[in-house]
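Okay, so here's the structure we're looking at.
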Amino acid sequence: MRINLVVNGTARSVEIEPTASLLTVLRENLSLLGSKNACEQGECGSCSVQIDGKVVCSCLVLGAQADGHEILTVEGLAPAGQLHPVQEAFIEHGAVQCGFCTPGLVVAAASFLDRRNSIPEDDEIREALSGNLCRCTGYGTIIKAVKAAAER
Amino acid sequence: MQQSSIASEMEVFTPRSLDEALRIYADRPDAVVIAGGTDLMVQVNFNRLRPAAMLNIAELPELRGWSVDGATIRLGSAVTFTELMEPAAARLMPALSEAARTIGSLQIRNIGTLGGNLGTASPAGDALPALLVNEAIVELVSLHGRRSVPLRSFLLGPKKNALAASELIAAVTLQTGGRQTFLKIGPRNAMVISVASLALRRDKSRGILRAAFGSAGPVPILVDGDPDVPEDFPEKVAAAASPIDDVRGTAAYRRHALAVMTRRALSRLN
């Protein structure tokens, strides 16, 4: 079946498998490999994208449900060649080790900070990112990075 | 009963109005209804669910939003858990709002719906205890018309509800009043299916002391107590449970946990 959606600001028309999740559509049909497939159950958050400004697990969205909506993936967080403040902060604070969780975390953190007009407490950051798992860092540097990005 | 089919043959219907949805569903009672998809998509992703058709009800304006009429609140089945955490909802529906906060993660809450919790009818559904203590009534709709079913009668067993063929959950209404709270026990403060959960409501002016708990029986269970003798309530709640041993915990632990949670809820409301 065909779906029409806007991905990172660009209108796309794609022929997809009806049972495909949005994650599959992004990776397989649109070659946007930034969003990762780790659990396919909405547990790890590595597939996080924004739909109409809301952060969701793209593995839990049926591709057909994305028809008519605006998707933002990690690739679209900043113009080509530039970095989003959250991405910069992650690099500065050593919040990236293997990098597998990083796209999902960055998308979730960016969405969280977009909705805030005050500096979040550590607990609030933890709660906002509770849907993203990291096996490498122990989260300490991630929390610091998000806080630093908020302070910008 | 499930029809199997090859992935590429599955039809997906995305109606834009409730009327259209009901017509399609009447025509295709075999269609699997999908809204937030936070439960269903796991089954689809792992090839455990391959329906001949899916009915995507995520674009129906009639199911969105909630409204207040005196002490009655009507919530569309498409209301998400994120919406239930907003300040206005938290003020009017504190137990439900607190329950919403314990569900999944931000990603899950942004698309997970109240209708999904109702339709799945899991004994662990976190919204269900809070709805039960607030006398929730489920509004069902089909091409034949509307009917209302008290939530207690809607939940028939583990993952069994009273929906008839081609019937959708349109909304749920509840009665506010009194002080209320919600607690949940699990191995983590996010992303867990509850080991035990509890909503408690106390409304002295109406002589109500009421609790509903999840994950300690085939359905969430409602218990009424004497608001003048709250100290007896924790044992009464624990005694009302019929928990089982399962992968998440033992029956004995759940029964004990319910008494503890009731005590904590009562002291929270003091």
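Note on naming: letters A, B, ... go to the chains in the order of the sequence lines (proteins, then strands), and numbering restarts at 1 for each one. None of these values were measured; they are calculated from a predicted model.
- Using a 4.5 Å cut-off between heavy atoms, A:S130 touches chain B through backbone and side chain atoms alike.
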- Could you go through the side-chain contact (heavy atoms from CB on, under 4.5 Å) check for A:Q65 and B:T14 one step at a time? CA-CA 8 Å; A:Q65 292 183 305; B:T14 301; over 6 Å; no
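- Checking side-chain atoms of B:R50 against main-chain N and O of A:T19 turns up no donor-acceptor pair under 3.5 Å.
- Environment of CD in A:E70: sparse, with no more than 12 heavy atoms of neighbouring residues, nucleotides or ligands closer than 6.0 Å.
- Counting heavy atoms of neighbouring residues, nucleotides and ligands inside a 6.0 Å radius, atom NZ of B:K159 does not exceed 12 of them.
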- Run the numbers on B:N45 and A:S21 for side-chain contact (heavy atoms from CB on, under 4.5 Å), then give the verdict. CA-CA 7 Å; B:N45 289 340; A:S21 65; 3.8 Å; yes
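- Other residues, nucleotides and ligands contribute at most 12 non-hydrogen atoms within 6.0 Å of the CZ atom of B:R101.
- You'll find the side chain of B:V42 stays beyond 4.5 Å of the side chain of A:E40, heavy atoms only.
- Among B:V44, B:N189, B:I108, B:I34, the residue making the largest number of heavy-atom pairs under 4.5 Å with chain A is B:I34.
- Remark: the backbone N or O of A:V49 is not paired with any side-chain donor or acceptor of B:Q107 at under 3.5 angstrom.
- Interface remark: A:L133 contributes side-chain atoms only to the contact with chain B (heavy atom separation under 4.5 Å).
- Under a cut-off of 6.0 angstrom, the local environment of CZ in B:R268 is crowded, with over 12 non-hydrogen atoms contributed by other residues, nucleotides or ligands.
- Contacts of residues 96-127 of chain A with chain B at a heavy-atom distance below 4.5 Å involve A:A108, A:E127, listed in sequence order.
- Heavy-atom proximity under 4.5 angstrom to chain B picks out nothing from residues 79-88 of chain A.
- Here B:D246 pairs with B:R254 under the side chain to side chain donor-acceptor pair (under 3.5 Å) rule; sequence neighbours left out.
- In this structure, A:H69 and B:E59 approach most closely via the heavy-atom pair NE2-OE2, 2.7 Å.
- Heavy-atom contacts from other residues, nucleotides or ligands closer than 6.0 Å to CG of B:L269 number more than 12.
- Distance CE/B:M10 to CE/A:M1: 8.0 Å, rounded to 0.5 Å.
- Looking at B:Q43, neither its backbone nor its side chain comes within 4.5 Å of chain A, counting heavy atoms on both sides.
- Proximity to chain B among residues 53-62 of chain A is limited to A:K54, A:V55, A:V56, A:C57, A:C59, A:L60, A:V61, A:L62, judged by heavy-atom separations below 4.5 angstrom.
- Within the model, atoms CG of A:D67 and CG of B:N56 stand 9.5 Å from one another, a figure rounded to the nearest 0.5 Å.
- B:S105 contributes atom OG, which lies 10.0 Å from atom CG of A:L129 (distance to the nearest 0.5 angstrom).
- Contact of B:L106 with chain A is made through backbone and side chain together, with heavy-atom distances under 4.5 Å.
- Within a 6.0 Å sphere centred on OH of A:Y139, other residues, nucleotides and ligands contribute more than 12 heavy atoms.
- Other residues, nucleotides and ligands contribute only 12 or fewer heavy atoms inside 6.0 Å of the CZ atom of B:R264.
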